[in-house]
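Taking it in order: structure first as C-alpha coordinates, then the write-up.
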Amino acid sequence: MRKSRMVGCSLVVFLSGMAYAQAVSTFPPGSPLYEAVKQNLLQNGNKDLSPGTVNQHIQASAVIAQLNKELEAYFSDRHMQSEMDSTRAGYPTLKVYVKNLRPQDQKYIDSQPQYAVVKLVNSQLNKAEAAQINQTIGETLGKDEKLLVSIRSGHYDPAADRFIVKVVTDDTSDLETALRPLKERFSINIVYLKVEGADAEMLRLLRAD
(Lines give C-alpha, C1' and ligand atoms only; values in the text may rest on other atoms or scores of the structure.)
Protein backbone atom coordinates (compact mmCIF):
# COMPACT_ATOMS: atom_id res chain seq x y z
CA MET A 1 0.00 0.00 0.00
CA ARG A 2 2.24 2.79 -1.20
CA LYS A 3 2.34 5.54 -3.72
CA SER A 4 5.00 7.99 -4.87
CA ARG A 5 3.01 10.83 -6.28
CA MET A 6 3.29 13.44 -8.98
CA VAL A 7 0.58 15.13 -11.02
CA GLY A 8 0.35 12.82 -14.01
CA CYS A 9 2.92 10.20 -12.97
CA SER A 10 5.27 9.11 -10.21
CA LEU A 11 7.77 11.74 -9.17
CA VAL A 12 10.38 9.12 -8.31
CA VAL A 13 10.01 7.17 -11.55
CA PHE A 14 9.56 10.20 -13.78
CA LEU A 15 12.58 12.05 -12.45
CA SER A 16 14.89 9.05 -12.34
CA GLY A 17 16.44 10.16 -15.64
CA MET A 18 16.59 13.85 -14.87
CA ALA A 19 20.16 13.85 -13.59
CA TYR A 20 21.08 12.49 -17.02
CA ALA A 21 18.91 15.16 -18.64
CA GLN A 22 21.06 17.90 -17.15
CA ALA A 23 24.05 16.56 -19.10
CA VAL A 24 22.23 16.30 -22.44
CA SER A 25 21.13 19.43 -24.28
CA THR A 26 18.46 17.92 -26.52
CA PHE A 27 16.45 14.69 -26.59
CA PRO A 28 15.13 13.80 -30.06
CA PRO A 29 11.55 12.65 -30.67
CA GLY A 30 11.39 8.90 -30.23
CA SER A 31 13.92 8.74 -27.40
CA PRO A 32 12.51 7.13 -24.22
CA LEU A 33 12.71 10.22 -22.01
CA TYR A 34 11.31 12.53 -24.69
CA GLU A 35 8.33 10.27 -25.31
CA ALA A 36 7.66 9.76 -21.58
CA VAL A 37 7.64 13.52 -20.96
CA LYS A 38 5.53 14.19 -24.04
CA GLN A 39 2.97 11.61 -22.95
CA ASN A 40 2.84 13.12 -19.47
CA LEU A 41 2.27 16.58 -20.92
CA LEU A 42 -0.52 15.30 -23.16
CA GLN A 43 -2.18 13.61 -20.20
CA ASN A 44 -2.09 16.95 -18.40
CA GLY A 45 -4.03 18.67 -21.18
CA ASN A 46 -1.21 20.17 -23.25
CA LYS A 47 -1.57 20.18 -27.05
CA ASP A 48 0.52 20.94 -30.14
CA LEU A 49 3.79 20.11 -28.40
CA SER A 50 6.92 21.00 -30.35
CA PRO A 51 10.25 19.23 -29.74
CA GLY A 52 11.57 22.49 -28.32
CA THR A 53 8.78 22.72 -25.76
CA VAL A 54 9.18 19.09 -24.70
CA ASN A 55 12.93 19.55 -24.28
CA GLN A 56 12.37 22.78 -22.33
CA HIS A 57 10.11 20.82 -20.01
CA ILE A 58 12.73 18.10 -19.61
CA GLN A 59 15.42 20.63 -18.64
CA ALA A 60 13.08 22.48 -16.26
CA SER A 61 12.10 19.16 -14.70
CA ALA A 62 15.76 18.39 -14.11
CA VAL A 63 16.08 21.64 -12.16
CA ILE A 64 12.95 20.81 -10.17
CA ALA A 65 14.36 17.38 -9.34
CA GLN A 66 17.37 19.08 -7.75
CA LEU A 67 15.20 21.59 -5.89
CA ASN A 68 13.06 18.77 -4.56
CA LYS A 69 16.14 16.95 -3.31
CA GLU A 70 17.26 20.09 -1.48
CA LEU A 71 13.86 20.66 0.10
CA GLU A 72 13.49 17.05 1.21
CA ALA A 73 16.77 17.47 3.09
CA TYR A 74 15.79 20.90 4.43
CA PHE A 75 12.43 19.79 5.84
CA SER A 76 13.83 16.42 6.86
CA ASP A 77 11.32 14.42 8.93
CA ARG A 78 8.57 16.98 8.34
CA HIS A 79 8.48 16.24 4.61
CA MET A 80 5.43 14.29 3.47
CA GLN A 81 5.58 14.18 -0.33
CA SER A 82 6.23 16.26 -3.42
CA GLU A 83 4.18 16.66 -6.58
CA MET A 84 5.34 18.07 -9.87
CA ASP A 85 2.65 19.87 -11.84
CA SER A 86 3.04 19.55 -15.61
CA THR A 87 -0.15 21.34 -16.63
CA ARG A 88 1.86 24.10 -18.32
CA ALA A 89 4.26 22.70 -20.93
CA GLY A 90 7.79 23.95 -20.48
CA TYR A 91 7.09 25.44 -17.06
CA PRO A 92 6.64 22.68 -14.46
CA THR A 93 6.13 23.65 -10.82
CA LEU A 94 6.66 21.79 -7.57
CA LYS A 95 4.23 21.37 -4.69
CA VAL A 96 5.79 20.22 -1.41
CA TYR A 97 3.67 18.92 1.47
CA VAL A 98 5.20 19.61 4.88
CA LYS A 99 3.91 18.60 8.30
CA ASN A 100 3.18 21.51 10.65
CA LEU A 101 4.00 24.16 8.07
CA ARG A 102 5.30 27.33 9.75
CA PRO A 103 5.38 30.98 8.63
CA GLN A 104 9.18 30.89 8.66
CA ASP A 105 9.09 28.00 6.17
CA GLN A 106 7.35 30.18 3.60
CA LYS A 107 9.67 33.07 4.40
CA TYR A 108 12.63 30.83 3.64
CA ILE A 109 11.13 29.78 0.29
CA ASP A 110 10.33 33.40 -0.59
CA SER A 111 13.90 34.46 0.21
CA GLN A 112 15.42 32.03 -2.30
CA PRO A 113 14.84 33.02 -5.96
CA GLN A 114 15.38 29.47 -7.21
CA TYR A 115 12.31 28.35 -5.23
CA ALA A 116 9.91 30.63 -7.12
CA VAL A 117 8.44 27.50 -8.76
CA VAL A 118 7.77 25.90 -5.35
CA LYS A 119 4.50 25.95 -3.42
CA LEU A 120 4.41 24.75 0.19
CA VAL A 121 1.29 23.01 1.52
CA ASN A 122 0.55 21.92 5.08
CA SER A 123 0.18 18.22 5.82
CA GLN A 124 -1.21 16.56 8.93
CA LEU A 125 1.30 13.71 8.67
CA ASN A 126 4.89 13.26 7.62
CA LYS A 127 6.15 10.57 5.26
CA ALA A 128 7.07 8.07 8.00
CA GLU A 129 3.73 8.44 9.80
CA ALA A 130 1.72 8.03 6.60
CA ALA A 131 3.76 4.97 5.59
CA GLN A 132 3.29 3.34 8.99
CA ILE A 133 -0.47 3.86 9.01
CA ASN A 134 -0.74 2.72 5.40
CA GLN A 135 1.18 -0.43 6.27
CA THR A 136 -1.09 -1.06 9.25
CA ILE A 137 -4.15 -0.73 7.01
CA GLY A 138 -2.66 -3.27 4.60
CA GLU A 139 -1.74 -5.70 7.38
CA THR A 140 -5.20 -5.43 8.91
CA LEU A 141 -6.96 -6.21 5.65
CA GLY A 142 -4.41 -8.90 4.81
CA LYS A 143 -5.59 -11.00 7.76
CA ASP A 144 -8.80 -11.83 5.92
CA GLU A 145 -8.42 -13.44 2.49
CA LYS A 146 -11.90 -12.31 1.39
CA LEU A 147 -10.99 -8.72 2.14
CA LEU A 148 -7.53 -9.07 0.64
CA VAL A 149 -8.83 -9.96 -2.83
CA SER A 150 -11.10 -6.90 -2.74
CA ILE A 151 -8.26 -4.38 -2.49
CA ARG A 152 -5.51 -3.36 -4.85
CA SER A 153 -3.47 -0.56 -3.27
CA GLY A 154 -3.70 2.46 -1.05
CA HIS A 155 -2.03 5.75 -0.19
CA TYR A 156 -2.33 8.86 1.92
CA ASP A 157 -3.72 11.99 0.26
CA PRO A 158 -2.29 14.96 2.20
CA ALA A 159 -4.38 17.49 0.27
CA ALA A 160 -7.59 15.99 1.70
CA ASP A 161 -6.02 14.45 4.83
CA ARG A 162 -7.36 10.99 4.09
CA PHE A 163 -6.20 7.49 3.25
CA ILE A 164 -7.48 6.11 -0.06
CA VAL A 165 -7.94 2.37 -0.45
CA LYS A 166 -8.43 1.21 -4.03
CA VAL A 167 -10.97 -1.60 -4.27
CA VAL A 168 -12.63 -3.71 -6.95
CA THR A 169 -16.01 -4.02 -5.28
CA ASP A 170 -19.05 -1.83 -4.66
CA ASP A 171 -19.69 -3.32 -1.23
CA THR A 172 -17.15 -1.91 1.23
CA SER A 173 -19.11 -2.64 4.41
CA ASP A 174 -16.78 -5.47 5.50
CA LEU A 175 -13.75 -3.31 4.78
CA GLU A 176 -15.23 -0.50 6.82
CA THR A 177 -15.93 -2.85 9.73
CA ALA A 178 -12.36 -4.17 9.70
CA LEU A 179 -10.81 -0.72 9.53
CA ARG A 180 -13.07 1.10 11.99
CA PRO A 181 -10.77 0.40 14.98
CA LEU A 182 -7.83 1.88 13.05
CA LYS A 183 -9.83 4.97 12.15
CA GLU A 184 -10.58 5.52 15.82
CA ARG A 185 -7.06 4.65 16.98
CA PHE A 186 -5.28 7.02 14.61
CA SER A 187 -8.12 9.55 14.16
CA ILE A 188 -7.92 9.21 10.39
CA ASN A 189 -10.29 9.31 7.44
CA ILE A 190 -10.40 6.35 5.07
CA VAL A 191 -12.24 6.37 1.75
CA TYR A 192 -12.64 3.68 -0.87
CA LEU A 193 -12.01 4.22 -4.56
CA LYS A 194 -13.31 1.61 -6.96
CA VAL A 195 -11.06 0.65 -9.88
CA GLU A 196 -12.32 -1.01 -13.04
CA GLY A 197 -10.93 -3.24 -15.76
CA ALA A 198 -8.55 -6.15 -15.30
CA ASP A 199 -8.54 -5.89 -11.51
CA ALA A 200 -12.30 -6.32 -11.32
CA GLU A 201 -12.14 -9.32 -13.68
CA MET A 202 -9.41 -10.89 -11.53
CA LEU A 203 -11.62 -10.53 -8.45
CA ARG A 204 -14.51 -12.23 -10.29
CA LEU A 205 -12.29 -15.19 -11.20
CA LEU A 206 -10.93 -15.51 -7.67
CA ARG A 207 -14.42 -15.56 -6.18
CA ALA A 208 -15.48 -18.19 -8.74
CA ASP A 209 -12.78 -20.63 -7.56
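Computed from a predicted model, the values in this text were never measured in an experiment. Only this structure's heavy atoms are used, side chains among them; waters, hydrogens and symmetry mates stay out.
A pairwise comparison of heavy atoms in A60 and G90 identifies CB-O, 4.0 Å as the closest pair. Taking all atoms of both residues into account, the shortest heavy-atom contact from Q114 to V117 is O-CG2, 4.1 Å. The minimum heavy-atom distance linking N126 with E129 is given by the pair OD1-N, 2.7 Å. Closest heavy-atom contact between L125 and A130: CD1-CA, 4.2 Å. Among all heavy-atom pairs drawn from Y97 and S123, the shortest one is CB-CB, 4.1 Å. Of all heavy-atom pairs between A89 and T53, the closest is CB-CG2, 3.6 Å.
Using a 4.5 Å heavy-atom cutoff, the side chains of F163 and V191 are not in contact. You'll find the side chain of D170 reaches within 4.5 Å of the side chain of K194, heavy atoms only. A heavy-atom distance below 4.5 Å is found between the side chains of E176 and Y192. Between S82 and L94, some side-chain heavy-atom pair lies under the 4.5 Å cut-off. You'll find the side chain of L182 reaches within 4.5 Å of the side chain of T136, heavy atoms only. Residues L179 and L141 have side chains in contact (heavy-atom distance under 4.5 Å, counting atoms from C-beta outward). You'll find the side chain of K38 stays beyond 4.5 Å of the side chain of Q43, heavy atoms only. Looking only at side-chain heavy atoms (C-beta outward), D144 and L148 stay at 4.5 Å or farther from each other.
Between S111 atom OG and K107 atom NZ the span is 10.5 Å, to the nearest 0.5 Å. Summarising the geometry, atom CG belonging to N68 is positioned 10.5 Å from atom CD belonging to Q81; distances are rounded to the nearest 0.5 Å. Summarising the geometry, atom CZ belonging to R152 is positioned 13.0 Å from atom CG belonging to L193; distances are rounded to the nearest 0.5 Å. To the nearest 0.5 Å, the span separating OG1 on T140 from CD on Q135 amounts to 10.0 Å. L71 CG to Q112 CD: the interatomic distance, rounded to the nearest 0.5 Å, is 9.5 Å. Between the CG atom in L33 and the CD1 atom in I58 there is a gap of 4.5 Å [rounded to 0.5 Å].
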Task: side chain to side chain contact (heavy atoms under 4.5 Å, CB included) between V96 and H79, worked out - done: CA-CA 8 Å; V96 181; H79 179 258; 3.7 Å; yes

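The aromatic rings of Y74 and Y108 lie parallel to each other, their planes meeting at an angle below 30°, with 60° marking the opposite boundary.
T169 and D171 share no donor-acceptor pair across their side chains, judged by distance under 3.5 Å alone. With no hydrogens or angles considered, no side-chain donor-acceptor pair links N44 and T87 at under 3.5 Å. Residues Q39 and E35 have side chains that never bring a donor and an acceptor to within less than 3.5 angstrom of each other. Side chain to side chain, Q106 and D110 meet the donor-acceptor criterion of an N or O pair below 3.5 Å. Under 3.5 Å, the side chains of N40 and S86 contain a donor-acceptor pair of N or O atoms.
Between the side chain of T172 and the main chain of L175, no donor-acceptor pair closer than 3.5 Å is present. Side-chain N or O atoms of N46 include one that pairs as donor or acceptor with a backbone N or O of L41 at under 3.5 Å. Side-chain N or O atoms of S31 include none that pairs as donor or acceptor with a backbone N or O of F27 at under 3.5 Å. Formation of a donor-acceptor pair under 3.5 Å by the D157 side chain with backbone atoms of R162 is not found in this model.
A salt bridge does not link D174 to K146: none of the charged nitrogens lies less than 4.0 Å from a carboxylate oxygen. We find that R78 and D105 are joined by a salt bridge, their nearest charged nitrogen and carboxylate oxygen being less than 4.0 Å apart.
For the ring pair (Phe, Tyr, Trp, His ring centres under 6.0 Å) test, no residue two or more places apart in sequence or in another chain qualifies with Y91. The side-chain contact (heavy atoms from CB on, under 4.5 Å) test applied to D161 returns Q124, Y156, not counting sequence neighbours.
Heavy atoms from other residues, nucleotides or ligands lying under 6.0 Å from CD of Q104 number more than 12. Within a 6.0 Å radius of NZ in K183, more than 12 heavy atoms belonging to other residues, nucleotides or ligands are found.
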